[in-house]
Amino acid sequence: MLDIKRLRNNPDEIKIGLKNKGVNIDIENILNIDNNLRLLENQTDELKHKRNVVSKEISFKKKNKEDASNAISDMQKVSKTIKTNDVKIQEYKNSINKSLLNIPNTPHTSTPIGKSEKDNVVIKEVGEKKNFNFSIKDHLELAENNSLIDFKRGAKIAGSGFPLYTGEGAKLERSIINYMLDLHTTKHGYTEIIPPFMANVNSTTTTGQLPKFGEDMYYVNEDELYLVPTAEVPVTNIHQNEILDVKELPKKYTAYSACFRREAGSYGKDTRGLQRLHQFNKVELVQFAHPKKSYEVLENIVNNAETILKNLKLPYRIIELCTGDLSFASTKCFDIELWSPATEKWLEVSSCSNFEDFQARRGNIKFRENNKVDFVHTLNGSGVATPRLMIAILENYQKEDGSIEIPEVLIPYFGKKEIQKIK
RNA sequence: GGAGAGGUGGCCGAGUCGGCUGAAGGCGGUUGCCUGCUAAGCAAUUGUACGGGUUUAAGCCUGUACCCCGGGUUCGAAUCCCGGCCUCUCCGCCA
């Protein structure tokens, strides 16, 4: 949520930011309502002040057995006015709040300006794309031949987009998750969390899924709960309505969660195999940072995520999203993409973003420094999502005989050096 | 799911038959004094949000609101009434 004071004082700056993000929002209208609100609030505060004073006088009079009926009937009128004013004030506030919740964050000044993903900037490419001297298979065929994932039965159980990992496929998936969690906790200083996989309206509003993107989530009507689309939702809300001590910052959490996404409207787009799923596994990194340090923290998160891919010896690249491709809540964002040799495409496995105080305002997450209280900056990044990582491992580590080599760092977790071809 | 108890400031904990309680008391924190150092002691200070005023600014002054949340009664509610949420205890069910 944007700061209403920023809206009052620098409306032009915000208009430019929103324009760069490709959205058009009537800020003047909000400012008008804000003006009316403050006017009425001032008047009403004065009435309330009067009521407080006179009520005390009434109390004294009654104690002294004096007549207070005039004052009381006066105050009856005042109270009536206060009541109607309060209703109006609440309407103004609701209206402003509703508008603010629907305004996206504005990009950081360093974010490259652009309209769509075509304008994203490649920051660097790391590792070499392997040259295979045999005809390679794609991850679907490999998963099938080695009995790692049973898409058909997954679909039978829940529908398409719900993969059924089987045997060594399940074990490899688990190995990947464990390896990532261990790296982040032992080498990168994160505290591990296992969060609820469902979240309420409040929590999903903090992170920005609600009110605009409710359609993207699975919703359990009876209990008014959303299945988490990412661990970012529960983990960011750990400190909802809290004031942290500045000494605690940055607070670093890593969490595994299953992620559930309806992916409404994306049918037929890169949906083969593991590319786009309704349920997938992800290890998430979340940090609560001092506002002055948050851009350093962003680099730190990118670095932590990157280390996974480096250690797995997979070719990857980092791109910076342009203003037009930035998500609703973020000011700056780096994606990490893995190379899929079979499809000759880059696959996004991580998205690392700074939200500055956007989520902190919605979730009321603050810190105290020298007796002053201010909103923290929240950041997160995938570290990383498993399905496309699985694609990259299977495809990049395949051998001519159809077996799949296990990346060195995963061997202690997987317990074997390779997966033998079965079919 | 059934029965009962309860939700007060960073924490503990008082709050009378509604009025002078933003909230006693204690702990903790901060600052000052004291002290050879530490401990102890003494004193002061110590919530948040949103307005208004003032200052170059840190700040200061001032108003309103907040004692789980939302309504209601009343001139006036932490205190009374209704609804919700959460916690605890017992019973039931269950991985």
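Lettering of chains follows the sequences in order, A, B, ..., and the numbering in each one begins at 1. Note that these values count all heavy atoms, side chains included, but never hydrogens, waters or copies made by symmetry.
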Parallel, tilted or perpendicular: rings of Tyr413(A) and Tyr179(A) (30°, 60°): perpendicular
Mutual orientation of the aromatic rings belonging to Tyr226(A) and Tyr219(A) [parallel < 30°, tilted 30-60°, perpendicular > 60°]: tilted
Looking at [X], I'd like to know whether one of its side-chain N or O atoms comes within less than 4.0 Å of OP1 or OP2 on [N].
X	N	result
Ser79(A)	U74(B)	no
His49(A)	U64(B)	yes
Asn52(A)	U64(B)	yes

Nearest-0.5 Å distance, CG of residue Asn97(A) to CG of residue Asn102(A): 10.0 Å
Within 6.0 angstrom of Arg153(A) CZ, more than 12 heavy atoms from elsewhere: no
[X] [atom1] to [N] [atom2]: how many Å, rounded?
X	N	atom1	atom2	result
Ile58(A)	G76(B)	CD1	C1'	7 Å
Lys61(A)	G76(B)	NZ	P	16 Å
Asn241(A)	C66(B)	CG	P	18 Å
Glu369(A)	U30(B)	CD	P	16 Å
Gln90(A)	A65(B)	CD	C1'	12 Å
Leu37(A)	A65(B)	CG	C1'	13 Å

Touch class at under 4.0 angstrom, heavy-atom based, for Lys83(A) against every strand present: sugar-phosphate
Touch class at under 4.0 angstrom, heavy-atom based, for Lys48(A) against every strand present: sugar-phosphate
Sugar-phosphate or base contact per nucleotide [nucleotides 46-55 of chain B; S, B, -; heavy atom under 4.0 Å]: -SSSSSS---
Phe358(A) vs Thr106(A), side chain to side chain contact (heavy atoms under 4.5 Å, CB included): CA-CA, chis, key distance, verdict: CA-CA 9 Å; Phe358(A) 190 81; Thr106(A) 54; over 6 Å; no
Pairwise P distance, A95(B) and A5(B) [rounded to whole Å]: 32 Å
Tyr92(A) six-ring centre to Lys88(A) NZ/CZ under 6.0 Å and within 45° of normal: yes
CA sep, side-chain torsions, deciding dist, call: Arg261(A), Asp216(A), side chain to side chain contact (heavy atoms under 4.5 Å, CB included): CA-CA 6 Å; Arg261(A) 300 187 182 180; Asp216(A) 299 340; over 6 Å; no
